[in-house]
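Presented below is the structure to which this report refers.
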Amino acid sequence: MAEEVDIVVVGMGPGGEDAASRLAGAGLDVVAVESRLVGGECPYFACIPTKMMVRAADSLAEARRVPVLAGHSAVRPDWTPVADRVRDEATTDWNDDAAVRRFEATGGRLVRGTGRITAPGEVTVSGSAGTLVFRARRGIVLNPGSEPVIPPIDGLDGTPYWTNRDAVAATQLPDSLLVLGGGPVGLEFAQVFARFGASVAIVEMSDRLLRPTEPEAAAVLTEVLRGEGVDVRTGEGVDSVEHTGGRFRLRLNSGTAVAGERLLVATGRRTDLAALGVGAVGLDESARSVPVDERMRAADGVWAIGDVTGRGAFTHTSIYQSRIAAADILGLDAEAADYRAMPAVTFTDPEVATVGLTEERARAQGVDVRTACVDLPSAPRGWIHKAGNDGLVKLVADARRATLVGATVVAPLGGEVLGALAVAVHAEVPVETLRGMIYAYPTFHRTIEAALAALDV
Ligand SMILES: Cc1cc2nc3c(=O)[nH]c(=O)nc-3n(C[C@H](O)[C@H](O)[C@H](O)COP(=O)(O)OP(=O)(O)OC[C@H]3O[C@@H](n4cnc5c(N)ncnc54)[C@H](O)[C@@H]3O)c2cc1C
Ligand SMILES: NC(=O)c1ccc[n+]([C@@H]2O[C@H](COP(=O)([O-])OP(=O)(O)OC[C@H]3O[C@@H](n4cnc5c(N)ncnc54)[C@H](O)[C@@H]3O)[C@@H](O)[C@H]2O)c1
């Protein structure tokens, strides 16, 4: 017998939790289905624990800069406080009781298990309590998130490789780490483990790190990582993997090999749409993502939010979309999603912070592009900062409209500097208005003024 409810939310990632709470709080009868932990990847295996690791690693790097700036320092890294903090503060030992209580306080009901759309308006949940069938009167919200992609490399399957979930839970520092994939996941972990003393190699098959970002940003980061002793290999694929005697050995396309104690696979994310049963509502189960309109509608009575929509795999995307989907379901005047000023920060040191279009993407969209790029060490604050001042500010402008359509900041706390540029792109602030502002001296964000001066708009 199917149980009738108003809403079924499948997956309680950051967006699912937010949408389910909003809808239950508005008085709807909401069932939320979660197969692992309420809160999703971000608090237990991703954003929060990794940023705690980054914070710890950055403190080591800063201490190592003392000899350049302030005398002597001796740093003896210890992984124990990091592992303890991740276990006790970030994840409460991977326990979601507090999140469950928070959700249930809104009036919603949590059902543990794996949800699947089995007919229009119907979700079947398989869990430890058996099989339950729900009919959703008002709608189904899909927030299944994403799983690590494991590439089909000869020998990889069956080895004890790490994904982000294992790396976050590491209680001991490996002596060496091989990182497959030079995207945000690979780079944040690579720098953390290297700063704690592991010998780290990154193997990235495309011609540069952080492929979707500006090449200038990738170049700075590559140089910084190499300067810290990380073996960065771009344009390199892996032919085969061996794991013997407790060590991994990767044979690379170039004929060379790299070896290490641990292997982190950080080659992107995927969602199994067939397992989610989206074919039952007419969606393509073999697609990489669920296409949604500007109000997150994926099909009649189905909304999708988060990584599964392919609009930027970030927690802020998921929560932004949940707000819109919940408003639409409640029949409120929902804003239409607008991704022009999508921000992203990779929390390496320096941080790589981006908003809007890169130069390459703006050109591909036919924008009349003008760019300017200012190196941080040549700006007053960068020069003062000295050790650890690698970075730049790059602006991408639309000359016809005389506004910024994109920007990249590579800087210490570059994500904070990005705030001003995100406003500029989002609100289409005229370049002349930006030039007329007063930028506090000598801040990192004042480098924006120098970049604006160099912009031919
Ligand atoms: C290492 C790492 C670091 C990251 N750092 C950042 C960062 O600093 N900032 C940032 O913005 N983003 C970061 N991200 C991305 C961020 O974690 C995700 O974009 C974010 O979690 C949003 O995902 P989501 O809402 O789509 O769902 P997820 O967080 O992936 O959660 C989906 C939930 O749905 C559940 N689920 C899936 N299928 C079913 C089903 N059929 N039935 C029931 N339950 C199901 C899963 O168990 C999971 O709990 C990071 C990602 C990684 C891997
Ligand atoms: N700070 C943040 O906001 C943050 C941090 C981590 C992750 N994330 C999100 O999570 C998503 C996933 O991150 P990711 O780094 O896993 O994926 P990604 O897709 O961004 O990067 C994966 C990289 O692996 C490379 N690659 C793929 N197959 C390979 C192979 N066989 N050999 C060598 N290299 C290979 C790709 O060329 C790519 O550069 C990101 O898109 C991002 O949105 C965000």
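The only member of Arg401, Arg363, Arg400 that meets side chain to side chain contact (heavy atoms under 4.5 Å, CB included) when paired with Asp368 is Arg400. Checked options Leu264, Leu187, Val230; the residue passing with Val179 is Leu264 (criterion: side chain to side chain contact (heavy atoms under 4.5 Å, CB included)).
With hydrogens and angles ignored, the 3.5 Å screen pairs no side-chain donor or acceptor of His445 with any backbone N or O of Ala420. Judged by distance alone, the side chain of Arg208 and the main-chain N or O of Thr213 form a donor-acceptor pair under 3.5 Å. Put simply, the side chain of Thr358 never gets that close to the backbone of Glu214: no donor and acceptor are under 3.5 Å apart.
Other residues, nucleotides and ligands place more than 12 heavy atoms under 6.0 Å from the CG atom of Asp272. The environment of Arg55 atom CZ is sparse: at most 12 non-hydrogen atoms of other residues, nucleotides or ligands sit within 6.0 angstrom. Annotation: Arg340, atom CZ; neighbour count of heavy atoms from other residues, nucleotides and ligands within 6.0 Å is above 12. Counting heavy atoms of neighbouring residues, nucleotides and ligands inside a 6.0 Å radius, atom CZ of Arg295 exceeds 12 of them. Under a cut-off of 6.0 angstrom, the local environment of CG in Asp300 is sparse, with at most 12 non-hydrogen atoms contributed by other residues, nucleotides or ligands.
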Start with the C-alpha gap between Glu216 and Thr408, add the side-chain angles, then the distance that decides, and say whether side-chain contact (heavy atoms from CB on, under 4.5 Å) holds. CA-CA 9 Å; Glu216 294 90 339; Thr408 297; over 6 Å; no

Could you walk me through whether Glu204 and Arg211 pass the salt bridge (charged side-chain N to carboxylate O under 4.0 Å, His left out) check? CA-CA 10 Å; Glu204 163 56 53; Arg211 188 64 185 82; over 6 Å; no

Take Asp93 and Arg87, measure what salt bridge (charged side-chain N to carboxylate O under 4.0 Å, His left out) needs, and give me the verdict at the end. CA-CA 5 Å; Asp93 208 4; Arg87 186 194 58 228; 5.2 Å; no

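Interatomic distance, CD of Glu428 versus OG1 of Thr403, reported as 5.5 Å (0.5 Å rounding). Taking CG of Asp307 as the reference point, atom CZ of Arg269 lies at 7.0 Å (rounded to 0.5 Å). Here the CD1-CG distance, from Ile202 to Leu209, works out to 6.0 Å after rounding to the nearest 0.5 Å. Summarising the geometry, atom CG belonging to Asp293 is positioned 9.5 Å from atom CH2 belonging to Trp303; distances are rounded to the nearest 0.5 Å. Taken to the nearest 0.5 Å, the CG atom of Leu132 stands 13.0 Å off from the CE atom of Met1. Distance check, rounded to the nearest 0.5 Å: OG of Ser21 to CD of Glu104 gives 10.5 Å.
Nearest approach of Ile324 to Ala334, heavy atoms of both residues: O-CB, 3.8 Å. Summarising the geometry of Cys42 relative to Pro14, their closest heavy-atom pair is CB-CG, 3.9 Å, with the distance given to 0.1 Å. The two residues Phe103 and Ala20 have their closest heavy-atom pair at CE1-CB, 3.5 Å. Across all their heavy atoms, Ala99 and Tyr44 have their closest contact at CB-OH, 4.2 Å.
In this structure, Val141 and Ile329 have side chains that are in contact, with non-hydrogen atoms separated by less than 4.5 Å. The shortest side-chain heavy-atom distance between Pro148 and Tyr161 does not fall under the 4.5 Å cut-off. The shortest side-chain heavy-atom distance between Arg323 and Glu335 falls under the 4.5 Å cut-off. The closest side-chain heavy-atom distance from Leu413 to Val417 is not below 4.5 Å. The closest side-chain heavy-atom distance from Leu178 to Leu180 is not below 4.5 Å. Ser176 places none of its side-chain heavy atoms less than 4.5 Å from the side chain of Phe248. Side chains of Phe45 and Thr163 form no contact here, defined as non-hydrogen atoms less than 4.5 Å apart. Residues Leu156 and Leu263 form a side-chain contact, since some pair of their non-hydrogen atoms from C-beta on lies under 4.5 Å apart.
The residues Arg165 and Glu147 are annotated as salt-bridged, a charged nitrogen and a carboxylate oxygen being separated by less than 4.0 angstrom. For the pair Asp166 and Arg262, the salt-bridge criterion is not met [side-chain N within less than 4.0 Å of a carboxylate O]. Using a 4.0 Å cut-off between charged side-chain N and carboxylate O, Arg36 and Asp96 make no salt bridge.
Scored by the salt bridge (charged side-chain N to carboxylate O under 4.0 Å, His left out) test, Asp175 finds Arg247 as partners (sequence neighbours excluded). Residues forming a ring-ring contact (aromatic ring centres under 6.0 Å, His included) with His426 (at least two apart in sequence, or on another chain): none. In this view, Phe196 and Trp79 satisfy the ring-ring contact (aromatic ring centres under 6.0 Å, His included) rule, not counting sequence neighbours.
Note: Tyr320 and Tyr339 have perpendicular aromatic rings, judged against thresholds of 30 and 60 degrees for the angle between ring planes.
Thr348 and Thr346 share no side-chain donor-acceptor pair at under 3.5 Å. With hydrogens and angles left out, the side-chain atoms of Gln321 and Thr309 include a donor and acceptor closer than 3.5 Å.
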